[in-house]
Amino acid sequence: MAFYLWMFPLLFIFHDMEEIIGLVPWIHFNETLLAQKAPTILKIHKGVTTEGFALAVFEEFILVLSITFLAYFTQSRVFELIWLGGFVAFALHLLLHIGQSILLRKYIPALITSILCFPVSACLITDIVHLWQVSTSEFFLFSLVGSGIVVINLLFALWLGKKYSTWLVHKNE
């Protein structure tokens with residue numbers, strides 16, 4: 001059981017390292033392409049420095065760790081299902097990156113680890129659904145709950161990252 005639970009934070013940090021290292025410079029380098037094909041990506045990341053993005057990822061990682069700790073130590077079915085929903089949301093986010101790369105017809109920072117992590121995540125999720133005897137309704141309900149938590153937290157994390165980026169820029173002036 002512990003193996004499955006701890007794979008989510010491990011896969012999360014492995015994937016997000018690729019994003020932290022390359023996303024902000026890549027966005028600046030590909031600004032014209034993004035303005036034409038994916039203006040939402042530009043809007044979401046406008047004003048975020050690499051340091052601000054790293055802070056946003058760190059905040060998200062704290063949430064992933066917190067949910068994992070709660071699921072592991074309480075062994076509560078609700079926390080386990082929230083954890084599963086978060087893991088499903090993470091796997092969907094990996095597919096989103098693959099889709100973004102296809103749409104842009106170009107490598108994006110996150111593609112390599114998305115391709116590596118998605119099959120592993122899908123297998124782990126499938127195994128956990130069988131191991132925990134998760135019903136179809138529980139799976140879909142908690143996938144929605146997990147996705148909702150992830151989206152709300154992502155908005156907060158990016159807000160935090162932008163605030164930190166702004167503070168760093170003004171501090172260094």
Side-chain angles (χ1 to χ4, degrees), residues 5-72 79 82-118 120-121 142-173:
L5 288 171
W6 294 107
M7 283 302 292
F8 178 18
L10 182 64
L11 290 167
F12 176 91
I13 202 64
F14 175 65
H15 167 71
D16 276 77
M17 283 291 112
E18 182 183 11
E19 284 186 296
I20 289 170
I21 292 165
L23 185 68
V24 173
W26 184 89
I27 286 174
H28 291 303
F29 186 73
N30 291 282
E31 199 165 339
T32 305
L33 172 68
L34 291 170
Q36 293 170 351
K37 289 192 171 185
T40 306
I41 293 173
L42 277 180
K43 184 180 178 189
I44 289 171
H45 295 91
K46 184 174 177 65
V48 177
T49 62
T50 297
E51 296 87 354
F53 186 71
L55 177 63
V57 169
F58 179 68
E59 188 280 334
E60 291 177 309
F61 186 61
I62 295 300
L63 179 64
V64 168
L65 276 180
S66 298
I67 292 170
T68 302
F69 274 118
L70 284 169
Y72 180 75
F79 286 129
I82 290 171
W83 173 91
L84 177 61
F87 197 9
V88 169
F90 170 74
L92 292 173
H93 142 265
L94 298 173
L95 284 178
L96 177 68
H97 286 315
I98 294 167
Q100 289 169 333
S101 184
I102 291 167
L103 172 74
L104 297 172
R105 296 175 183 239
K106 177 170 202 135
Y107 165 79
I108 62 168
L111 178 63
I112 294 168
T113 53
S114 292
I115 291 169
L116 293 173
C117 292
F118 180 74
V120 174
S121 298
F142 282 93
S143 292
L144 285 173
V145 168
S147 295
I149 291 169
V150 166
V151 167
I152 290 166
N153 188 68
L154 178 61
L155 295 172
F156 171 72
L158 287 171
W159 173 84
L160 185 65
K162 286 180 184 182
K163 289 291 183 190
Y164 185 62
S165 297
T166 301
W167 179 77
L168 279 177
V169 169
H170 291 302
K171 181 182 177 259
N172 293 327
E173 288 179 344

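Not measured: the values here are computed from a predicted model. The figures here come from the full heavy-atom set of this structure, side chains too, leaving out hydrogens, waters and symmetry mates.
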Identify, with sequence neighbours excluded, every residue that meets side-chain hydrogen bond (donor to acceptor under 3.5 Å, both in side chains) alongside Glu59. Asn153
To the nearest 0.5 angstrom, please state how far the [atom1] atom of [X] sits from the [atom2] atom of [Y].
X: Ile108; Y: Ser101; atom1: CD1; atom2: OG; answer: 5.5 Å
X: Phe53; Y: Leu55; atom1: CZ; atom2: CG; answer: 11.0 Å
X: Cys117; Y: Ile112; atom1: SG; atom2: CD1; answer: 11.5 Å
X: Leu5; Y: Phe87; atom1: CG; atom2: CZ; answer: 10.0 Å
X: Ile44; Y: Leu155; atom1: CD1; atom2: CG; answer: 8.5 Å

Only counting residues at least two apart or in another chain, list the ones meeting ring-ring contact (aromatic ring centres under 6.0 Å, His included) with [X].
X: Phe61; answer: Phe12
X: Tyr72; answer: Trp6
X: Phe142; answer: none

Validation: residues 24-34 side-chain donor-acceptor distances under 3.5 Å, sequence neighbours left out:
{"from": "Trp26", "atom 1": "NE1", "to": "Tyr107", "atom 2": "O", "distance (Å)": "3.1"}
{"from": "Asn30", "atom 1": "OD1", "to": "Lys106", "atom 2": "NZ", "distance (Å)": "2.9"}
{"from": "Asn30", "atom 1": "ND2", "to": "Trp26", "atom 2": "O", "distance (Å)": "2.9"}

Quick check: closest heavy atoms across Leu65 and Pro9, and the distance to 0.1 Å? CD2-CB, 4.1 Å
Could you work out, with side-chain contact (heavy atoms from CB on, under 4.5 Å) as the rule, every residue matching [X], not counting sequence neighbours?
X: Ile67; result: Leu63, Ile82, Trp83
X: Ala89; result: Ser147, Val150
X: Leu70; result: Thr74, Phe79
X: Ala35; result: Leu42

Provide the full list of side chain to side chain donor-acceptor pair (under 3.5 Å) pairs with a residue in residues 38-54, sequence neighbours left out, each pair given once. Thr49-Glu51, Thr49-Ser165
Short side-chain to backbone donor-acceptor contact, Glu18 and Ala110, under 3.5 Å: yes
Around atom NZ of Lys37, are there more than 12 heavy atoms from other residues, nucleotides or ligands closer than 6.0 Å? yes
Side chains of Tyr164 and Val48: does their closest heavy-atom pair fall under 4.5 Å? no
Result block: side-chain N/O donor-acceptor pairs under 3.5 angstrom for residues 90-99, not counting sequence neighbours:
{"from": "His93", "atom 1": "ND1", "to": "Phe90", "atom 2": "O", "distance (Å)": "3.3"}
{"from": "His93", "atom 1": "NE2", "to": "His15", "atom 2": "NE2", "distance (Å)": "3.4"}
{"from": "His93", "atom 1": "NE2", "to": "His97", "atom 2": "NE2", "distance (Å)": "2.9"}
{"from": "His97", "atom 1": "ND1", "to": "Gln100", "atom 2": "OE1", "distance (Å)": "2.9"}
{"from": "His97", "atom 1": "NE2", "to": "Glu19", "atom 2": "OE2", "distance (Å)": "3.0"}

